[in-house]
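Residue numbers run from 1 in the order of the sequence given. Below, each value reflects all heavy atoms present in this structure, side chains not excepted, and no hydrogens, waters or symmetry copies.
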Amino acid sequence: KLGIGPTLRKSLATTNPIESTFSTVRRVSRRVTRWPTGTMALRWALAGVAEAEKGWRRLMGKADLPKLVTALRRLDLARTAPATGRRAAA
């Protein structure tokens with residue numbers, strides 16, 4: 001449907017990278033017992049994501065990403081474009 005290759009499809013079908021990132025955020029912020037403000041919680045979350053980023057590898061099938069972006073934009077335009085040729089109900 002989107003015209004992407006099987007390698008990129010397989011890479012995007014798994015939730016492992018997201019779960020791994022969440023695990024690293026939990027590990028980094030584990031010893032924090034007080035969150036005085038929402039800003040501080042956001043800082044710790046971003047610190048965890050920055051730590052997780054060190055272990056990220058390249059996306060397999062990355063050569064198909066431009067095809068994916070084009071297909072998603074085409075789908076988005078098709079869904080958001082107003083229907084033409086229809087008359088308003090009176």
Side-chain angles (χ1 to χ4, degrees):
K1 183 176 179 179
L2 294 175
I4 60 174
T7 306
L8 181 60
R9 183 177 296 120
K10 182 179 177 184
S11 295
L12 296 177
T14 182
T15 60
N16 288 344
I18 297 168
E19 292 171 12
S20 175
T21 300
F22 287 167
S23 174
T24 303
V25 170
R26 270 189 237 106
R27 183 177 47 81
V28 167
S29 61
R30 181 180 327 176
R31 294 188 182 161
V32 179
T33 57
R34 290 186 149 192
W35 305 94
T37 64
T39 304
M40 187 58 69
L42 184 60
R43 284 182 182 178
W44 277 103
L46 291 176
V49 171
E51 184 67 27
E53 186 179 14
K54 294 176 184 176
W56 291 348
R57 295 177 295 185
R58 295 220 170 179
L59 182 66
M60 290 175 26
K62 66 181 186 279
D64 287 338
L65 282 176
K67 292 180 193 175
L68 177 62
V69 170
T70 303
L72 291 174
R73 285 185 178 151
R74 186 174 52 244
L75 284 174
D76 187 44
L77 287 175
R79 288 186 179 148
T80 58
T84 56
R86 291 187 179 175
R87 294 185 351 194

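Remark: T21 pairs with W56 by the side chain to side chain donor-acceptor pair (under 3.5 Å) rule, at least two apart or across chains. Applying the side-chain contact (heavy atoms from CB on, under 4.5 Å) test to E19 and every residue at least two apart in sequence or in another chain returns T15, N16. Not counting sequence neighbours, the partners of T80 by the side-chain contact (heavy atoms from CB on, under 4.5 Å) test are D76.
Listed by first then second residue, pairs satisfying salt bridge (Lys or Arg N to Asp or Glu O under 4.0 Å) with a partner in residues 24-50 number zero, not counting sequence neighbours. Within the structure, the salt bridge (Lys or Arg N to Asp or Glu O under 4.0 Å) test picks out the following pairs touching residues 49-60 (sequence neighbours left out): E51-K54. The salt bridge (Lys or Arg N to Asp or Glu O under 4.0 Å) contacts involving residues 61-75 comprise D64-K67, where partners must be two or more places apart or lie in separate chains.
Cluster partners of L42, by chain and number: L46. The rule joins Ile, Leu, Val, Met, Phe, Trp and Tyr whenever side-chain heavy atoms lie under 4.5 Å apart. V69 belongs to no hydrophobic cluster with other residues, because no ILVMFWY side-chain heavy atom falls under 4.5 Å from its own, directly or through intermediates. Hydrophobic cluster of I4: the remaining members, joined at side-chain heavy-atom separations below 4.5 Å, are L2, L8, L12, L59, L65, L68, L72, L75, listed by chain and number. Apart from M60 itself, the hydrophobic cluster it occupies contains nothing, where clustering links Ile, Leu, Val, Met, Phe, Trp and Tyr at side-chain heavy-atom distances under 4.5 Å.
When all heavy atoms of W44 and V28 are compared, the closest pair comes out as CZ3-O, 3.8 Å. Between A41 and W35 the shortest heavy-atom distance is CA-CE3, 3.3 Å.
Under the 3.5 Å distance criterion, the side-chain polar atoms of T24 are matched with a main-chain donor or acceptor of S20.
Atom CG of L77 is surrounded by more than 12 heavy atoms from other residues, nucleotides or ligands within 6.0 Å.
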